[in-house]
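The structure appears right after this line, and notes come after that.
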There are 2 protein chains.
Amino acid sequence: MFESIDPRSPTPLYEQIAARVRVAVAAGELSAGNALPSVRTLARDLRVNPATVVQAYRDLAMDGFVEIRHGQGTFVQDVPRFMRDEERTAQAEKLVRKLLQDAARLGISAEEILQVLSVETGVDIRE
Amino acid sequence: MFESIDPRSPTPLYEQIAARVRVAVAAGELSAGNALPSVRTLARDLRVNPATVVQAYRDLAMDGFVEIRHGQGTFVQDVPRFMRDEERTAQAEKLVRKLLQDAARLGISAEEILQVLSVETGVDIRE
DNA sequence: GTCACTGTATGGGTTAACTGGTACAGTACG
DNA sequence: CGTACTGTACCAGTTAACCCATACAGTGAC
């Protein structure tokens with residue numbers, strides 16, 4: 001499951017690990033209640049420090065993807081629980097802000113982005 | 001023109017400076033051939049180190065927004081040369097696709113993103 | 001309690017990004 | 001030539017991110 005960790009990648013190890021878990025959950029490889037590998041087990045398998053795995057798991061816990069239980073393990077959260085509407089909106093806002101920042105760097109206005117996005121989604125916008 | 005520099009912002013100073021120039025070019029405040037403030041002048045105005053301004057200018061030169069001439073100054077590039085409309089749209093589409101991918105990863109639909117973006121930009125959308 | 005598992009906390013080493021200070025180099029004008 | 005402007009190069013200090021090593025703490029079965 002975690003065969004794709006690349007120490008030479010510019011993206012941090014902990015982020016690679018977290019990303020792998022995210023797609024596993026999204027793809028249904030991991031269901032609610034399933035336990036993730038223990039920090040030590042995964043650390044050994046990936047030849048990485050336990051603290052690095054912890055960082056990945058904490059990252060996931062922050063977003064509500066998993067629940068960490070001290071002494072028991074780390075478990076995939078109930079899907080409806082891991083992301084309620086407010087949290088989803090917060091995540092969406094975060095993504096949008098990042099997009100607008102990237103766009104501004106290229107001299108692309110928010111309106112242009114909105115235009116493209118509306119085409120992409122097939123939703124009309126009022127001018 | 002460069003009144004909006006914030007030393008306490010998490011985004012680097014040189015990036016703030018470069019971003020300001022980018023939007024100025026995009027908005028037509030600066031046209032092709034126009035000279036940017038000299039590194040020393042701008043550094044003094046912003047109470048920043050000349051090297052920081054240089055970094056911003058080099059960043060812009062990398063993307064082709066400006067041309068740096070040693071001993072003469074830094075000049076805005078011909079607009080049609082650094083990014084024509086089609087290229088702008090292509091860039092925008094690229095950004096949007098990436099956004100939608102990230103959103104999907106979090107289980108957020110395109111419609112939700114559009115909703116947030118419309119709020120962010122103050123543009124209404126038809127349901 | 002003891003043992004074998006789980007996550008946690010803290011501090012250190014390495015590296016890279018960021019910013020600044022100062023001296024160097026090209027250009028234009030008189 | 002000299003002067004006054006332009007960008008350039010180099011090095012140092014600070015900070016933050018990343019990763020590791022190791023000791024600490026909770027849980028459950030025996």
Side-chain angles (χ1 to χ4, degrees), chain A residues 1-2 4-21 30 32-77 82 94 98 101-102 105, chain B residues 1-2 4-22 30 33-77:
Chain A
M1 161 172 180
F2 288 97
S4 55
I5 300 298
D6 179 14
R8 294 164 311 178
S9 166
T11 69
L13 296 178
Y14 79 92
E15 234 175 79
Q16 294 183 43
I17 299 171
R20 188 64 192 80
V21 174
L30 286 173
N34 285 165
L36 267 53
S38 79
V39 291
R40 279 174 191 73
T41 303
L42 187 52
R44 181 170 42 71
D45 289 358
L46 297 178
R47 297 163 173 260
V48 155
N49 193 277
T52 302
V53 177
V54 167
Q55 197 171 355
Y57 283 8
R58 285 181 63 90
D59 213 47
L60 292 164
M62 283 295 178
D63 291 351
F65 275 81
V66 301
E67 180 185 356
I68 300 175
R69 299 191 207 130
H70 192 171
Q72 300 185 51
T74 303
F75 303 87
V76 178
Q77 276 282 50
F82 86 69
K94 198 170 157 189
K98 188 175 180 311
Q101 209 167 9
D102 289 347
R105 235 178 57 79
Chain B
M1 161 173 182
F2 288 98
S4 55
I5 300 299
D6 178 14
R8 296 163 309 180
S9 166
T11 69
L13 296 178
Y14 79 90
E15 232 176 79
Q16 293 183 45
I17 298 171
R20 188 64 193 77
V21 173
R22 283 196 170 90
L30 286 173
N34 286 165
L36 266 54
S38 80
V39 292
R40 280 174 191 73
T41 304
L42 186 52
R44 182 169 42 72
D45 289 357
L46 297 178
R47 295 163 173 263
V48 155
N49 193 278
T52 302
V53 177
V54 167
Q55 198 170 353
Y57 283 9
R58 284 182 63 91
D59 213 47
L60 292 164
M62 282 294 179
D63 291 350
F65 275 81
V66 301
E67 180 186 355
I68 301 175
R69 298 191 208 130
H70 192 171
Q72 300 185 51
T74 304
F75 303 86
V76 177
Q77 277 282 51

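Every chain is numbered from 1 and lettered A, B, ... according to where its sequence line falls, protein lines coming before strand lines. This structure is a prediction, so every number in the text was calculated from the model and none was measured.
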Are more than 12 heavy atoms from other residues, nucleotides or ligands located less than 6.0 Å from atom CZ of A:Arg58? no
Side-chain N or O of B:Thr74 closer than 4.0 Å to phosphate OP1/OP2 of D:dG7: yes
Main chain of A:Phe65, side chain of A:Asp63: is a donor-acceptor contact present, judged purely on distance under 3.5 Å? no
note: B:Arg47, atom CZ; C:dG20, atom P; distance rounded to Å ~ 12 Å
Is the shortest side-chain N/O distance from A:Tyr14 to OP1 or OP2 of D:dC18 below 4.0 Å? yes
Scan A:Ile5, A:Val39, A:Leu13 and name whichever one has a side chain to side chain contact (heavy atoms under 4.5 Å, CB included) with A:Thr52. A:Leu13
Using a heavy-atom cut-off of 4.0 Å across all strands, would you classify B:Val54 as base, sugar-phosphate, or nothing? base
Is there a side-chain polar atom (N or O) of A:Thr52 under 4.0 Å from OP1 or OP2 of D:dC19? no
Take the protein atom CG of B:Leu42 and the nucleotide atom P of C:dT19, then report the distance between them rounded to whole Å. 13 Å
Is the distance from OP1 or OP2 of D:dC19 to the nearest side-chain N or O of A:Asn49 less than 4.0 Å? no
Comparing nearest nucleotides in DNA chain D, the 5'-proximal residue of the pair A:Gln55, B:Arg58 is B:Arg58
In whole angstrom, what separates B:Arg8's CZ from C:dT19's P? 15 Å
Interatomic distance, A:Ile68 CD1 vs D:dG26 C1' [rounded to whole Å]: 14 Å
Rounded to whole Å, please give me the gap between NE2 in B:His70 and P in D:dG7. 9 Å
A:Arg40 near the nucleic acid: base, sugar-phosphate alone, or nothing, with a heavy-atom cut-off under 4.0 Å? base
Presence of B:Gln72 side-chain N/O under 4.0 Å of C:dA28 phosphate oxygens OP1/OP2: yes
When you compare the side chain of A:Leu36 with that of A:Tyr57, does any pair of heavy atoms fall below 4.5 Å? yes
Can you tell me which residue among A:Leu60, A:Asp59, A:Leu46 is in a side chain to side chain contact (heavy atoms under 4.5 Å, CB included) with A:Ile17? A:Leu46
Closest approach to the side chain of B:Ser38, judged atom by atom: which nucleotide of D:dC18, D:dT6, C:dG20 is it? D:dT6
Return the value, rounded to whole Å, for the distance between atom CG of B:Leu13 and atom P of C:dA17. 16 Å
Measure from CG on A:Leu60 to P on C:dG7 and round the result to the nearest Å. 13 Å
Just how far, in rounded Å, is P of D:dC19 from OH of A:Tyr57? 15 Å
